[in-house]
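A short worksheet on the structure shown next.
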Amino acid sequence: MISKKTKYAIKALMVLGRNYGNEPMQIVKIAEEERIPKKFLEQILLEMRNAGMLYSKKGAGGGYSLNKAPEDIYLSQVMRLIDGPIALLPCVSLNFYRSCEECTEEHACGIRDTFIDVRNAMLQILNDTSIASLINKEKELSLD
């Protein structure tokens with residue numbers, strides 16, 4: 001499962017994606033729109049700003065906006081930034097690899113081999129899904 005922090009990050013990015021090209025949005029507005037606790041959202045937005053995903057402006061008319069187009073922000077980037085590894089096992093992680101303590105022959109492990117396939121399938125979807133595509137998907141689903 002993804003963490004609540006990652007889910008809130010994605011929701012906030014979607015709000016900012018729908019607002020892309022307009023004035024920065026205040027944290028309070030984003031928090032109200034997505035029902036995210038304001039203090040928690042502040043931490044998340046700051047983390048994404050420090051990673052270069054967001055731009056922030058202080059003072060009157062200040063707030064947060066996307067630092068790049070919603071088409072250029074992918075779920076895999078957000079998930080890695082907020083939660084770290086995407087892989088379900090440390091021994092199959094591309095960026096956060098660690099060997100399993102109980103494994104004696106990693107190359108011959110059926111569990112590992114299966115979860116490499118799971119990781120690859122999941123990464124394919126997450127690498128292909130941008131904030132813009134999520135926004136578009138929501139529009140399509142609301143028409144049904």
Side-chain angles (χ1 to χ4, degrees), residues 1-57 62-144:
M1 285 192 285
I2 66 171
S3 69
K4 191 168 272 198
K5 187 176 179 183
T6 295
K7 189 173 182 180
Y8 286 163
I10 294 167
K11 287 176 157 283
L13 288 169
M14 290 176 68
V15 170
L16 294 170
R18 288 189 288 271
N19 190 59
Y20 186 67
N22 297 318
E23 291 295 314
M25 290 185 72
Q26 293 183 340
I27 293 174
V28 173
K29 177 125 173 65
I30 300 167
E32 287 173 1
E33 195 169 318
E34 290 299 328
R35 291 180 287 211
I36 302 171
K38 184 179 170 280
K39 286 284 184 199
F40 195 27
L41 182 60
E42 285 174 353
Q43 295 170 4
I44 295 167
L45 294 177
L46 183 62
E47 196 170 332
M48 291 192 293
R49 187 201 63 156
N50 290 341
M53 278 185 192
L54 301 179
Y55 165 80
S56 66
K57 180 179 174 187
Y64 282 89
S65 57
L66 296 181
N67 216 11
K68 51 186 171 179
E71 294 83 13
D72 298 327
I73 301 172
Y74 294 92
L75 289 184
S76 56
Q77 297 168 318
V78 178
M79 290 177 69
R80 281 190 178 115
L81 172 67
I82 302 298
D83 279 340
I86 290 173
L88 300 175
L89 294 174
C91 64
V92 301
S93 180
L94 294 173
N95 298 311
F96 301 91
Y97 172 85
R98 282 189 344 265
S99 62
C100 295
E101 293 175 14
E102 62 281 348
C103 195
T104 56
E105 292 186 54
E106 192 174 87
H107 69 281
C109 179
I111 296 170
R112 180 176 188 271
D113 192 59
T114 299
F115 278 87
I116 287 173
D117 292 340
V118 170
R119 177 207 64 205
N120 291 341
M122 196 162 65
L123 268 179
Q124 180 70 52
I125 294 166
L126 296 174
N127 284 333
D128 290 344
T129 305
S130 68
I131 296 301
S133 62
L134 285 179
I135 293 167
N136 291 332
K137 186 177 288 259
E138 273 194 355
K139 286 178 188 173
E140 292 170 14
L141 291 170
S142 68
L143 297 175
D144 291 344

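Heavy atoms only: backbone and side chains are in, while hydrogens, waters and symmetry mates are out.
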Value for CD1 (I44) from CD (E42), rounded to nearest 0.5 Å, stands at 10.5 Å

**Prompt:** Side-chain contact, heavy-atom cut-off 4.5 Å: R112 with I116?
**Reply:** yes

CG (L13) and CG (L45) are apart, to the nearest 0.5 Å, by 8.0 Å

Legend entry - Sub-4.5 Å side-chain heavy-atom contact between M14 and E34: no

**Asked** Any side-chain heavy atom of V92 within less than 4.5 Å of one from V118?
**Response** no

In short, salt bridge (charged side-chain N to carboxylate O under 4.0 Å, His left out) pairs touching residues 74-102 with sequence neighbours left out are none

Q) Mind checking whether Y8 and P37 have side chains closer than 4.5 Å, heavy atoms only? A) yes

Worksheet item: Do S130 and Y74 come within less than 4.5 Å of each other through their side chains, counting heavy atoms only?
Response: yes

So M48 and I82, do their side chains get closer than 4.5 Å, heavy atoms only? yes

Without swapping roles, check the side chain of S133 against the backbone of T129 for a donor-acceptor pair under 3.5 Å. no

>> Contact between R18 and V15 at the side-chain level, heavy atoms closer than 4.5 Å - yes or no?
In response: yes

message = Donor-acceptor check, side chain of N120 to backbone of Q124, threshold 3.5 angstrom: yes or no?
response = no

Rounded to the nearest 0.5 angstrom, the OG-CG distance for S65 and L16 is 7.5 Å

Interatomic distance, CD1@I73 vs CG@N67, rounded to 0.5 Å, equals 8.0 Å

Flag yes if more than 12 heavy atoms outside E106 fall under 6.0 Å of its CD atom; otherwise flag no.
yes

The reported gap from CE in M1 to OG1 in T6 (rounded to nearest 0.5 angstrom) is 12.5 Å

Correct closest heavy-atom pair for K68 and Y20 would be O-CE1, 3.5 Å

Rounded to the nearest 0.5 Å, the CG atom of L75 sits from the CD1 atom of I10 at a distance of 5.0 Å

Closest non-hydrogen contact found for G63 with P24 is C-CB, 3.6 Å

- Does a side-chain heavy-atom distance below 4.5 Å link R119 with L94? yes

Legend entry - Neighbour count above 12 (heavy atom, 6.0 Å) for K7 NZ: no

